[in-house]
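Written below as structure tokens is the structure these notes are about.
Note that the structure is a prediction, hence the values are computed from the model and not measured.
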Amino acid sequence: MKHKLITSSARETLGDLAPAFADYTEKVLFGDVWRREALSLRERSLITVAALVAGEHVNQLPYHLFLAKQNGISEEELVEVMTHLAFYVGWPRAASAIQVAKDVFCKEKEADA
């Protein structure tokens with residue numbers, strides 16, 4: 001299975017301060033890890049969103065929600081993942097993630113209008 005190119009914003013947001021970090025993000029994380037064929041991009045996105053919710057890493061969620069949608073996951077499925085996770089990682093973490101998702105999805109709809 002051939003994976004499509006994934007781009008990150010690491011170079012533009014952090015590259016001037018942390019060029020090595022940006023390089024690792026682009027070349028290793030999104031260059032090697034995300035392109036391994038044992039999991040699809042869709043599966044990798046589901047796992048990543050779940051890990052971010054579980055770890056309460058809401059600052060990283062907007063980018064990965066956008067990427068998940070590009071990888072074929074619907075908004076409904078993403079909210080269902082967060083709802084399911086509430087019982088395993090805690091209600092407050094899931095509630096925070098759902099609020100981030102709501103904000104992201106609303107902004108996307110406004111931009112499309």
Side-chain angles (χ1 to χ4, degrees):
M1 163 191 332
K2 182 143 170 118
H3 289 311
K4 63 185 174 184
L5 179 64
I6 298 173
T7 58
S8 82
S9 59
R11 175 84 42 215
E12 64 189 48
T13 59
L14 303 171
D16 58 337
L17 177 66
F21 181 85
D23 249 11
Y24 290 132
T25 300
E26 291 176 351
K27 293 178 181 169
V28 178
L29 178 58
F30 288 110
D32 293 335
V33 175
W34 273 78
R35 285 178 175 68
R36 293 173 55 86
E37 294 187 9
L39 296 172
S40 69
L41 291 176
R42 186 180 199 290
E43 292 165 330
R44 289 185 190 280
S45 280
L46 282 170
I47 292 164
T48 302
V49 168
L52 293 174
V53 172
E56 208 167 11
H57 302 294
V58 293
N59 290 339
Q60 301 297 316
L61 259 181
Y63 173 79
H64 282 284
L65 292 172
F66 173 76
L67 186 59
K69 287 176 64 177
Q70 282 187 322
N71 290 332
I73 303 169
S74 70
E75 291 179 5
E76 181 182 9
E77 289 172 310
L78 289 165
V79 171
E80 185 63 25
V81 166
M82 294 172 200
T83 301
H84 184 78
L85 284 169
F87 293 91
Y88 292 92
V89 304
W91 212 263
R93 289 179 183 203
S96 295
I98 290 170
Q99 184 60 57
V100 169
K102 179 180 178 182
D103 295 344
V104 167
F105 300 158
C106 286
K107 285 179 186 171
E108 287 176 357
K109 286 181 176 101
E110 289 171 5
D112 290 344

With a 4.5 Å cut-off on side-chain heavy-atom distances among I, L, V, M, F, W and Y, is there a chain of contacts connecting [X] to [Y]?
X	Y	value
Tyr63	Val33	yes
Ile98	Leu67	no
Leu65	Leu85	yes

Residue list, side-chain contact (heavy atoms from CB on, under 4.5 Å) with [X], at least two apart or on another chain:
X	result
Ala97	Val53, Leu61, Met82
Ile73	Arg42, Ser45, Leu46, Ala68, Glu77, Leu78
Ala51	none

For the atom pair [atom1] ([X]) and [atom2] ([Y]), what is the distance rounded to the nearest 0.5 Å?
X	Y	atom1	atom2	value
Trp34	Asn71	CH2	CG	6.0 Å
Tyr24	Asp32	OH	CG	12.5 Å
Trp91	Thr83	CH2	OG1	7.5 Å

| Got a sec, which pairs hit salt bridge (charged side-chain N to carboxylate O under 4.0 Å, His left out) with one end in residues 80-100, sequence neighbours left out? | Glu56-Arg93

| remark: Here the ring pair (Phe, Tyr, Trp, His ring centres under 6.0 Å) pairs for residues 65-84, sequence neighbours left out, are His84-Tyr88

| field | Closest non-hydrogen atom pair, Leu39 against Arg44 | value |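 Closest heavy-atom pair between Leu39 and Arg44: O-NE, 3.6 Å.
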
Sequence neighbours excluded and cut-off under 3.5 Å, please list the side-chain donor-acceptor pairs for residues 101-113, or say none.
unit_1 : atom_1 : unit_2 : atom_2 : d
Asp103 : OD1    : Gln99  : NE2    : 3.0
Glu108 : OE1    : Lys69  : NZ     : 2.4
Lys109 : NZ     : Glu75  : OE1    : 2.8

